[in-house]
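Here is the structure we will look at.
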Amino acid sequence: MSQAIGNTALAYARVWHHVDATDRVLGKLAERIALVLMGKHKPIYDPSGSLKTILPGQAAHMLLIVDCGDYVIVTNSRKIKVTGKKEEQLLYRKHTMYPGGLKETPYKQMKERKPDEIIRHAVSGMLPKNKLRDRRLERLRIFPGIHMGVQGANVMKSWDDGTLPPDYDPTRITTTNTLEENWRKGITKQS
């Protein structure tokens with residue numbers, strides 16, 4: 001009896017990533033977020049959506065990997081930056097599907113009213129245009145300030161071995177400041 005050694009469950013697990021959008025360029029940030037939502041940073045990523053494993057002496061089997069991307073939490077979306085003259089020139093368009101129903105919103109107005117839609121629109125443009133696009137965008141959580149609610153408790157803080165730190169407390173509200181504090185404490189403990 002042959003035994004196939006496959007990928008570990010940890011490689012398939014979805015991880016929560018935290019991104020602070022303060023003074024980050026919109027396009028570069030959206031590109032990086034799209035790669036994480038698709039799962040391209042993982043060793044199990046397969047662009048066709050399926051992995052073929054052939055066991056010795058047996059027929060080929062298909063193991064479907066529909067979507068292996070992770071969750072992404074973006075904070076401080078109001079402080080995102082754009083390069084060049086895009087701040088004055090960029091327009092967001094949507095249509096009501098009625099005659100003459102084209103609505104145009106300038107970047108500055110969109111940044112005041114719906115800063116999360118700026119990043120969501122940019123990331124949506126970076127994702128492949130297929131059936132998985134909406135499902136991947138559901139894993140993107142965007143907040144205009146530093147407070148990310150109860151979802152902040154899901155953020156993985158230790159990337160070396162994939163485990164949570166020993167002082168992990170799910171009842172404590174996680175913000176950008178608390179993540180920086182925990183990171184600084186980890187640096188000072190090791191020194």
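This one's a predicted model, so the numbers in the text were calculated from it and none came from an experiment.
- Applying the ring-ring contact (aromatic ring centres under 6.0 Å, His included) test to residues at least two apart or on different chains, the pairs with a partner in residues 74-126 are Y92-H121.
- Here the options are V74, T75, I142, the test is side chain to side chain contact (heavy atoms under 4.5 Å, CB included), and the partner is M148; only T75 passes.
- Of all heavy-atom pairs spanning S77 and P144, the tightest one is OG-CA, 3.2 Å.
- The distance from atom NE2 of H41 to atom NE2 of H17, rounded to the nearest 0.5 Å, is 4.0 Å.
- For the pair L137 and S124, the minimum side-chain heavy-atom distance is below 4.5 Å.
- Side chains of R78 and K111 form no contact here, defined as non-hydrogen atoms less than 4.5 Å apart.
- A distance of 4.5 Å separates CD1 of I80 from CG of L29, quoted to the nearest 0.5 Å.
- Note that the CD atom of E31 and the CE atom of M126 stand 6.0 Å from one another [nearest 0.5 Å].
- Counting all heavy atoms, side chain and backbone alike, K129 lies closest to G125 at NZ-O, 2.8 Å.
- Within a 6.0 Å radius of CZ in R32, other residues, nucleotides and ligands contribute 12 heavy atoms or fewer.
- Side chains of R24 and V19 form a contact here, defined as non-hydrogen atoms less than 4.5 Å apart.
- Atom CD1 of I146 sits about 7.5 Å away from atom NZ of K79, to the nearest 0.5 Å.
- In this structure, the separation between CG on L26 and CD1 on I118 is 7.5 Å, given to the nearest 0.5 Å.
- Taking E104 as the reference, L91, R93, L102 meet the side chain to side chain contact (heavy atoms under 4.5 Å, CB included) condition, with sequence neighbours excluded.
- Around the NZ atom of K85, the shell of radius 6.0 Å holds no more than 12 heavy atoms that belong to other residues, nucleotides or ligands.
- For residues 116-128, the pairs satisfying salt bridge (Lys or Arg N to Asp or Glu O under 4.0 Å) are E117-R120, with sequence neighbours left out.
- The side-chain heavy atoms of M38 and L127, taken from C-beta on, include a pair separated by under 4.5 Å.
- Pairs engaging residues 137-152 under the salt bridge (Lys or Arg N to Asp or Glu O under 4.0 Å) rule: D67-R139 [sequence neighbours left out].
- A salt bridge links K42 with D70; the closest basic N to acidic carboxylate O contact falls under 4.0 Å.
- The salt bridge (Lys or Arg N to Asp or Glu O under 4.0 Å) pairs that include a residue from residues 143-154 number zero, where partners must be two or more places apart or lie in different chains.
- In this view, D23 and K81 satisfy the salt bridge (Lys or Arg N to Asp or Glu O under 4.0 Å) rule, not counting sequence neighbours.
- Aromatic ring orientation, Y71 versus W16: parallel (interplanar angle below 30°, classes split at 30° and 60°).
- Considering every non-hydrogen atom in both G39 and Y45, the closest pair reads O-CB, 3.3 Å.
- Separating the CD1 atom in I73 from the CG atom in D20 is a distance of 12.5 Å, to the nearest 0.5 Å.
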